[in-house]
Amino acid sequence: MNKFNPSSGKSASIQISRRMFVLSAGKAIVFFGIVGRLVSLQITESKKYSTLSDKNRFREWKIAPRRGVIKDYFNNDIASNEQIYQLHITPENTSNINELFFRLKNILHLTDKKIYLIKRKIKKQKPWEPIIISDNLSWSDFSRINLFLHELQGVEPIVSVARVYHDKSTSHVVGYVAQVSVKDLKNKEYLRDMAVSGIAVGKNGLENKLDKEIIGKVGFQRYEVNAYGKRIRQIKKDEGKEGANYNITIDLEVQKFTAELIKDLAASVCVMDIYSGEIVAMVSSPTYDPNAFVHGVKKEYWKNLLSHRDKPLLNKSISGLYPPGSTIKTIVALSALENDIINPSKTYRCKGVIELHGEKYHCWKKKGHGFVNMRTAIKKSCDVYFYEIARILGVDRLSETAKKFGLGQRVLDGFIEEKSGVVPNTSWKKKFIGKNWYIGETLHSGIGQGYYLTTPLQLCLMTAQIANGGFKIKPHLIVGEKKNNNLKKYIQYKNDNPDLPLQTDIAIANFDLDPLFKNQENINFIKEAMFAATNEIGGTSYRSRLKGKKYMFAGKTGSSQIKRFTEEQRKNEVKQSEIDYLARDHALYIAFAPYNNPKYAISVLVEHGGSGSSAAAPLAKQVIKKVIERDKLRSKNEFIDSEI
Amino acid sequence: MFTPRSIQSSLTLKGKIYSIDYILALAVLLLGIISMFAMYSTDGGTFGYHTKSHIIRFTIFFLLFLFLSFLHVRFWHSTGYIIYILFFLLLLGVKYFGLTSSGSQRWINFYFMNLQPSELMKVGLILFLAKYYHRIHAENVNRIKFIFLPLVALIAPVLLVITQPDLGTSILIAIGGVVVVWLAGVRIKFFVYLGVLFLSLLPIAISFLKPYQKARILTFLNPDRDPLGAGYQIIQSKIAIGSGGFFGKGFLNGSQSYLDFLPEKHTDFIFTLFSEEFGFFGSIFILLLYVLIVHRIIKIGHITRNNFGKLYCYGFATAFFVYVAVNMGMVLGLLPIVGAPLPIMSYGGSSMLAIMFGLSIVMSCKIYKDVPVN
């Protein structure tokens, strides 16, 4: 054992203290390093870490909002929401997902493909987000699931709401909702922060147009969760907001009545209030079941819809394009009068055919109408007369009038499926076809053939704007959407003061109206001629007239050719019913009623119906009767009262 | 060899009690009390298993610390080698009778507690080296002959612990040993040689490891290798500390820990929990408390007249500081996760026992500061 050595101990002690000093300096550096780190984490970057901590803590489950209800003019439900039974799975709560699917497959008879798709979807989303296995269970399936629930970990039976449509007559107007697609997300920006399972988006019709307002606001439930995803407690709940409810201008009773009337035809009927522009009915046939789309359309059904000859998915009223045929004669005559190129009493002799530059132009009546003036030409729908005035008028002046009265442009706002049609003129042809205009084409235009293409709703608007005395109106489907009662007030004023000689221009200035005419007498002349066509012997729709002041209406028939008649067919007087269905003419009819105090305009189209007088006018007669019967109720309706 | 007679002291009992460093004792007590509250919070605000167990351990070991403090410094000096050998045998015992938990064999079951000898070795090595360098002449310190023994005493336990495997503790043991060797005045070039030797032995050591042990070491060297394991821990710890802000989320309101985002919150990450609940303010307070303890130990080393006491106190103070710094550096994301408890605060009997044992030798040095050890 070494002896304790003071001198050696002393020098060692100095050495130790010196080296300790070096260590202490090192400690000080480390100390400030730790303090610096604490400052940076807890003071400088505290906000960032608080956010991250909250991200850990809180998880939100979104709640799909209730879609707004669509009701008709009299508060009848058209599109509302119904209780449905759904099955959700939260993947992170399941113990064995494959076993669970095996059980569910037996209970619900799921197909392997469906299971495959669900599994693929599970992989894409977060494990705590519920996934819908079945979005519309029958009550018996739902109760069976509840019976086995204790064995099915992670499965949640949910009572939810989904869209329901009450009548197939409104399918085209209202449209339908379906699951959100990638395309929807691209087109509708508001959907991007609405990603919640089970939300449906409007695909067409009003459901699409109103989607942003009607869809509501997504709510959420915020939970505090632990590291294993277990919900500890609810922090906040936002119910979201129900979508806005709408009343539309459609009268469901008229709509249903009309739909029933044309259910076996490929047809369209539009009815419009000629002063307010409210669309009372807009029916397209055949129709489809919009409810079939809400939970994902069945392949078979979808295939049938697509391959159907009469195109049930197409809203013929606004997306169907048809040559207006003789219905455009009202506009041709009006344009001729407005441009002052002819005196209405001037007569032409119709021999059944005229020749121009070696080309023959036939009247529908082979024998001809003899001497006809403008009134008779409209009444009897003489083609030759209109060949003559179209030739003098020219296609450019005609197109101007036609456009003014609503042809060639979209009638409604926000209907993506609506077509604008064609009102041809020389510059149009140059631009779109790249050729010069031929005079022969002017003649065809004069009877609504050739390049002319219109939608039934455009024809209805045209008729309404003639019927209301030649004032511009804005057709609409939503109550209050384009509130403008000036025209109604003007008419009211005129009716209240029949003796007051009221200058048109003053009246127009006082009531802020937008007239489409130069001389209102011309409008009145056309209206009177349409009256003759319906209510005088020899008129094209005389057989479909309604008697009595209350119901009497004025109309114009039309038949639009699909295929030109060959000379041989003409010679043999081949009847429409004798040729191929798809080659037959479209039957058209436009009218307004009642004649003495016009309120409504109507357009009827029957695809391949043959002639307007035999196929379209009789339908119009029945619809007009129904509309007029409902008029009293409609004019009493609260919406009008509250708005004026 | 010692006899009971040799540890008799000339001081009266009153004088001994008077000589206790009360500031050090109170600082340790305060830290202990704070750790009880922290443990109460890790149990989710209930008087749970960890809290109870921690309170019992702290009470027993604190009393043990006070009791052992009155043992004569000569006793510690004379038993220094024996204690080291005892701890070393325990460490060897772990190899053969040790309990295995989560892939490493670290504990021996002593019925009343599962002892982790590697924790004790942290203090044992410092004691051994303090005695060794006290006994040799200053001029012999740098002779190869005299460097051989401390080197073996240092490397042998480190290798045993590394193969448990427990990298964190083995590094801390090594640091404690190296610090004493440094304090003794061994030339810097020996440390360079030691470093080179260590690096050259590393591949050989690794070749003996099992695949999962290698994986652990690789993860240690590069935490990004396992972002959901070690990486996850450090990310969650930083979030917890950072979100604490200046004043913290409040006692029992640390969402990161009570929602189980924080791993190992009782043991290695106890500082994170405290820091989340008490913020920058609380963190600095704890840090200063540790600095105070280290400072008091250094001061005792300073006033101790014998070199054994000096070497031991300086060595233990530095090692203690390193334990704190490594733990905090780890939870603050400055160092990789190696598994190093925070002295006194962390849950764990062996660590607490080792620290209290170490502190009692420090206190003994204080009481017998003027007594020559041999």
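The basis for the numbers below is simple: all heavy atoms, side chains too, and nothing from hydrogens, waters or symmetry mates. First the proteins, then the strands, lettered A, B, ... as listed; each starts at 1.
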So which of G244(B), A240(B), G329(B), S275(B) has the biggest tally of heavy-atom pairs under 4.5 Å with chain A? S275(B)

Given that the side chain runs from C-beta out, which part of I232(A) has a heavy atom under 4.5 Å from chain B: side chain, backbone, both or neither? side chain

Please report the closest heavy-atom contact between N327(B) and A340(B), naming both atoms and the distance. ND2-O, 2.6 Å

Leading residue by heavy atom contact count with chain A [cutoff under 4.5 Å; candidates V291(B), I239(B), D260(B)]: I239(B)

Most chain B-contacting option - heavy-atom pairs closer than 4.5 Å, from N226(A), V39(A), V22(A), T44(A): N226(A)

Under 4.5 Å from any heavy atom of chain A - which part of L288(B): side chain

Consider only side-chain N and O atoms of T272(B) and K265(B), and report whether a donor and an acceptor are under 3.5 Å apart. no

Just give me the residue among G333(B), A325(B), G279(B) that pairs up with chain A most often, heavy atom to heavy atom, under 4.5 Å. G279(B)

Quick one: of L23(A), V30(A), L52(A), T51(A), who has the most non-hydrogen atom pairs under 4.5 Å with chain B? L23(A)

Side chain from CB out, backbone as N, CA, C, O: work out which of these in I34(A) comes under 4.5 Å of a heavy atom of chain B, or both, or neither. both

Between D112(A) and K105(A) (salt bridge meaning N to carboxylate O under 4.0 Å), is one present in this structure? yes

Would you kindly say whether K369(B) and N306(B) are connected by a side-chain donor-acceptor distance under 3.5 Å? no

Please confirm whether K237(A) makes a cation-pi placement over F220(A), using NZ or CZ under 6.0 Å from the six-membered ring centre and within 45° of the ring normal. no

Could R103(A) and F148(A) be counted as a cation-pi pair, given that NZ or CZ must be under 6.0 Å from the ring centre and within 45° of the axis? yes

